[in-house]
Structure formats: C-alpha cells, structure tokens
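First comes the structure, then the notes that go with it.
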Amino acid sequence: MEAKSIIAPLLRWYARHKRDLPWRHGVSPYRVWLSEIMLQQTTVQAVIPYFLKFTEKYPDVRALAAAPLEDVMRDWAGLGYYSRARNLHACAKAVAASGSVFPDDLKSLPGIGDYTAGAIRAIAYGQKASVVDGNVDRVISRLFAIETPLPASKPEIRAIAERIYLSDANTDPSGLPQAFMDLGATICTPQNPKCVSCPLTGVCMAKAQNLHNELPRRASKKARPKRVGWVYWVENRGQVLIHRRPASGLLGGMAGLPTSDWNLEPEYPPHAAGFTAVADTGASVRHVFTHFELTLRIVRARVKIPAEGYYWGDPNEAGMPSLFKKVAKTIT
DNA sequence: TGTCCACGTCT
DNA sequence: AAGACGTGGAC
C-alpha cells in the first residue's frame, strides 16, 4: 500500500477532528516533553489534571529543575510509574544546566527513549520522525492485517511505520503522529473500532477481511501472582507514621505507610521489628500492580522509636501513591 | 468479577 | 533481553 493513500486522508481527518488537549496549546519543547513523559503508559484523561497542575506550578524547565525532588514526587503521586517523576526531575536539571535547551541527542536524557524522542522531535520541532506508540501499533496492525501477534510483530510494524513517517507524502511531520494517535484513541479503538467513521476504512486490510475486531492478536499474558501482607496505621497526636521509600524499586522514592513484607499470610498479631500491634481492624485494601496483585490488611500499631526514613505527617498531604491513599481512606 | 489498554524506559 | 514498574476506566 502506498504511504500517500494513508497519509492524505488521515491528515484531512485530523484537521477536522483533532482533540483539543492542553499540551496542544502554546506548544513548546518543555510542554511537549512534559506531556509525553506523563502520557507514557497512561491515558489522556488521567494526565490532563496533572499536566495542568505541573505547568501552573512549574511553567518552564528551569522552575521544575529548581524544585526539590520530594515536591515533584508528591505532585506526581497517583499518576503511577514513579521512576518517571524521578527521571523527569533529573532531566529538567540536565536541560536547565544547558541553558534550558534540549540537546539533539534526546535519548541521552533520563526518561526519554525511542518513542518520546521521536514525539518531541516531530511535535515540538516539526522534524520527520517515526513515532510508534500503542495506538500506532494497533492502527498499523489493522491497516496491514498483520496476523503475527504482538509483540512479535513489532519489527514489522516499526518498518511500516517508518516508511510512512519518512515518506515524501508526509507533508506534516508534527501532525501525522498525532493524527495516528488520535485515530487510535477515538476511532481505531481496541474494542469495537468505529470503522464507519474512519477515514482509512477504504484502505484497511483488516476491515476488508472482516478482521477489524480480531486484530491485533496478542501473545497470551502470564497470570498475575497474588501477594499479601500487613500495613501499619500508627497514630500520634493527630499524625501518622509515614515511610519514605527507597529511591529505586516499587513505588520508589514515594512517601508511603509502613508495611510488612508482602508474601506473609496476615495472621494476627503481626510481629514486625519495631511495631507493636494494637488492634486488627479486619479491613484490607486490594491493589493491582503490573506484575502482581496485593492485599494489605490494616493493623493499628505503635512504635517505640521511628527508624531512619520514617517520620510523622498528615497522610492526606504526604502525596502518597494510590495504594496508601486507599488505606488512609479506609481507616479515616 | 476479570481482562484489556499499555512499547515505554530502564536495568 | 526479559522482567520490573501503577493506575483507573471500559467493557
């Protein structure tokens, strides 16, 4: 299939139907970078309030670089994949130190990989770049009726995407990737694609073979193991004990509540070093991570002397990830 | 309820 | 280079 027969109708459709998103106003490298980091693995709807908060509080890369890391982590709380926030701050510092100009080698910056580098290059700088996210994977898989399941089909998809993006028919390097992603998000959706409204339905090979609801195929996923443990609710004069988690690993660098290890059957009373159980609340919270499912049972407890990395604070102001927000909401 | 989205980046 | 790493909404 010729690239032109995809690009021309897609760009016409995009001109009429592009989504009105905050980062599409006042386009700048900083705003494109910030939005693309937030959009990694995360839906537009979840990102919008965070993007508005960040751009108000940190209007440019210098302001973000000057902020304490803990502030950035707190502001990111709830958005997930917290290494993104740590890398965001490190990246802001690096860029600010270079006169607030992003370097040509975007991938040398923390948190910027193939996808984000291409997105910044295309959207912020108007350069032709291959920008392939999950939406583009799906759209290409259907347009070309690729039967190979994801992720094995990735190399094939990337080759096709690159041919289209770098084609002479790509007259709008900034608009084309956004057109693909908007099409994937609003028309060529994972379930029940709205082919009647699709500008590419006439050239779509999956549609022609009535495979638009079957593709892309996916390799079966591994079962998600279950883990259990205790979370300690320790009150003292209206505050609770909060734990600054280690910089790397799960929920790295975030404020959280103290917990036991996460593979122990919660048999009362728990016996963790430093904590004395006061009362089993009987309540528990369930939280699904990417690679396991966690149930934490809440126990009221006391401490003798908080260990290093622990402090007293207001759980509602600590900026904790969702797992611990659920605990606070359950208990208060 | 359970499954999917969800390649995005880093290690 | 396979696995680690969140969240919430759609269906």
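It should be emphasised that the depicted structure is a prediction, and the values quoted were computed from it without experimental measurement. Chain naming here is simple, since letters A, B, ... match the order of the sequence lines and numbering starts at 1 in each.
Rounded to whole Å, atom P of C:dG8 lies 16 Å from atom CD1 of A:I48. Rounded to whole angstrom, the span from the CD1 atom of A:I37 across to the P atom of C:dT7 amounts to 18 Å. Rounded to an integer number of Å, the gap from A:W262 CH2 to C:dC5 P is 9 Å. Here the C1' atom of nucleotide B:dT9 and the OH atom of A:Y82 are 17 Å apart, to the nearest Å. Taking atom CD of A:Q191 as the reference point, atom C1' of B:dA6 lies 12 Å away to the nearest angstrom. Nucleotide B:dT9 holds its P atom 6 Å from the CG atom of A:D114, rounded to whole Å. Atoms CZ (A:F324) and P (C:dT7) sit 9 Å apart, rounded to a whole Å. We find that CZ of A:R84 is positioned 9 Å from C1' of C:dT7, with the value rounded to whole Å.
Of the nucleotides present, C:dG3 is the one that pairs with B:dC10 by Watson-Crick or G-U wobble criteria, both distances under 3.5 Å. With a cut-off of 3.5 Å on both pairing distances, the Watson-Crick or G-U wobble partner of B:dT3 is C:dA10.
With P as the reference atom, C:dG6 and B:dG2 are 23 Å apart, rounded to whole Å. A distance of about 22 Å separates the P atoms of B:dT9 and C:dG8, rounded to the whole Å.
Between the side chain of A:R142 and the backbone N or O of A:H212, at least one donor-acceptor pair lies under 3.5 Å.
If you check distances only, the side chain of A:T43 never reaches the base of C:dG8 with a donor-acceptor pair under 3.5 Å. Counting atom types as modelled, A:R138 pairs no side-chain N or O with a base atom of B:dC7 as donor and acceptor under 3.5 Å. With hydrogens and angles ignored, a donor-acceptor pair under 3.5 angstrom links the side chain of A:Y81 to the base of C:dG6. Side chain A:S322 to base C:dG8: no donor-acceptor pair is found below 3.5 Å.
Nucleic acid contact for A:P321: sugar-phosphate only, since backbone atoms but no base atoms lie under 4.0 Å from a heavy atom of the residue. Among the protein residues, A:L150 comes within range of no part of the nucleic acid, since none of its heavy atoms lies under 4.0 Å from any strand. Within 4.0 Å (heavy atoms only), A:R224 reaches no atom of the nucleic acid at all. Contact annotation for A:G252: no contact, since no heavy-atom pair falls under 4.0 Å across all strands. Note on A:N192: nothing from the nucleic acid sits closer than 4.0 angstrom, heavy atoms only. Nucleic acid contact class of A:V288 (heavy atoms, under 4.0 Å, all strands): base. A:Q40 comes within contact range of the sugar-phosphate backbone alone, with a heavy-atom separation under 4.0 Å but no base atom that close.
Look at A:R218 and you'll find a side-chain N or O under 4.0 angstrom from OP1 or OP2 of B:dC7. Look at A:H291 and you'll find a side-chain N or O under 4.0 angstrom from OP1 or OP2 of C:dC5. The side chain of A:T116 places an N or O atom within less than 4.0 Å of a non-bridging phosphate oxygen (OP1 or OP2) of B:dT9. Neither OP1 nor OP2 of C:dG6 sits under 4.0 Å from any side-chain N or O of A:H287.
Nearest nucleotide to the side chain of A:K154, out of B:dC7, C:dG6, B:dG8: B:dC7.
Between A:F289 and A:W262, the angle of the ring planes stays under 30°, which puts this pair in the parallel group of the 30/60° scheme.
The closest side-chain heavy-atom distance from A:P216 to A:D137 is not below 4.5 Å.
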Problem set entry | Derivation of the side-chain hydrogen bond (donor to acceptor under 3.5 Å, both in side chains) call for A:R138 and A:N135 | CA-CA 5 Å; A:R138 188 171 54 254; A:N135 289 304; 2.8 Å; yes
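Taking the ring centre of A:F292 as origin, the terminal cationic atom of A:R227 falls inside the region bounded by 6.0 Å and 45° from the ring axis.
Toward the 5′ end of DNA chain B lies the nearest nucleotide of A:R286, the other residue of the pair A:N87 and A:R286 mapping further downstream.
The structure places CG of A:L88 at 10.0 Å from CE of A:M73, a figure rounded to the nearest 0.5 Å.
Just one of A:I123, A:T55, A:L39 meets the side chain to side chain contact (heavy atoms under 4.5 Å, CB included) condition when paired with A:W23; it is A:L39.
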